[in-house]
Amino acid sequence: MKWPENLQPKARVCHPLNSGGNTWLRESDLVFVKERPYAVLQWSRGETGDVPDVWLELKGDLLKRDGPDAQVYRYEGELDEPLQ
């Protein structure tokens, strides 16, 4: 995926992550690209700055926050650990 330059996380997201048959609650950086939400699990250094290395696309209708100024979102769906 081609990420925009100078991509910065705007918030955090708490989400369940299925890994090895277990489900864990994890907190990740949340970024939006063309209004699509992504949980960034790991960043790497690119030529134009930090870029997502491991990420999961989220379904926008399952992404919730407690108020308009809240900086932490909740994801109400389960995600599988990405294959590396």
Side-chain angles (χ1 to χ4, degrees):
M1 173 168 188
K2 176 109 170 91
W3 297 99
E5 289 186 25
N6 300 321
L7 183 64
Q8 297 292 320
K10 300 297 183 196
R12 303 282 290 168
V13 59
C14 292
H15 57 88
L17 184 67
N18 296 324
S19 175
N22 294 308
T23 301
W24 308 94
L25 187 60
R26 179 177 174 143
E27 187 173 321
S28 301
D29 287 325
L30 178 64
V31 298
F32 291 89
V33 177
K34 297 183 180 177
E35 299 184 22
R36 296 172 79 170
Y38 295 87
V40 179
L41 283 63
Q42 181 178 321
W43 294 83
S44 64
R45 176 62 79 183
E47 293 177 11
T48 59
D50 292 340
V51 293
D53 189 39
V54 179
W55 72 90
L56 295 165
E57 185 172 357
L58 305 174
K59 295 179 182 176
D61 58 333
L62 298 178
L63 193 60
K64 311 291 183 197
R65 66 180 175 172
D66 293 329
D69 296 328
Q71 294 299 308
V72 177
Y73 288 73
R74 290 174 284 115
Y75 189 67
E76 296 181 344
E78 289 192 21
L79 300 168
D80 291 323
E81 185 174 39
L83 301 174
Q84 302 221 359

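What you see below is based on every heavy atom in this structure, not just the backbone, and it leaves out hydrogens, waters and symmetry mates.
Proximity of Pro52 to Trp43: side-chain heavy atoms (C-beta onward) are separated by under 4.5 Å at one or more points. Taking the side chain as every heavy atom from C-beta outward, Asp50 and Arg45 approach each other to under 4.5 Å.
For the pair Leu79 and Glu57, the tightest heavy-atom approach, listed with the atom from each and the gap, is CD2-O, 4.4 Å. Of all the heavy atoms in Cys14 and Val72, the pair that sits closest is SG-CG1, 4.0 Å. Here the shortest heavy-atom pairing between Tyr75 and His15 reads CB-CB, 3.7 Å. Residue Pro16 comes nearest to Gly77 through the heavy atom pair CG-O, 3.0 Å, listed as atom of the first residue, atom of the second, then distance. Minimum interatomic distance between Leu17 and Arg26 (heavy atoms only, all atoms of both residues): CD2-CD, 4.0 Å. Here the closest heavy-atom approach between residue Val54 and residue Pro82 is recorded as CG1-CG, 3.4 Å.
Partners of Arg74 according to the side-chain contact (heavy atoms from CB on, under 4.5 Å) rule, which considers only residues two or more places apart in sequence or in another chain, are Lys64, Asp66, Glu76.
Under the 4.5 Å side-chain heavy-atom criterion for grouping Ile, Leu, Val, Met, Phe, Trp and Tyr, Leu41 is connected to Leu63 within one hydrophobic cluster.
Atom CD of Glu78 is separated from atom CG of Leu62 by 11.0 Å, given to the nearest 0.5 angstrom.
Pairs engaging residues 1-20 under the salt bridge (Lys or Arg N to Asp or Glu O under 4.0 Å) rule: Arg12-Glu27, Arg12-Asp29 [sequence neighbours left out].
Heavy-atom contacts from other residues, nucleotides or ligands closer than 6.0 Å to CZ of Arg36 number 12 or fewer.
The side chain to side chain contact (heavy atoms under 4.5 Å, CB included) test with Tyr38 singles out one residue from Leu7, Val13, Val33, Leu58, and that residue is Val33.
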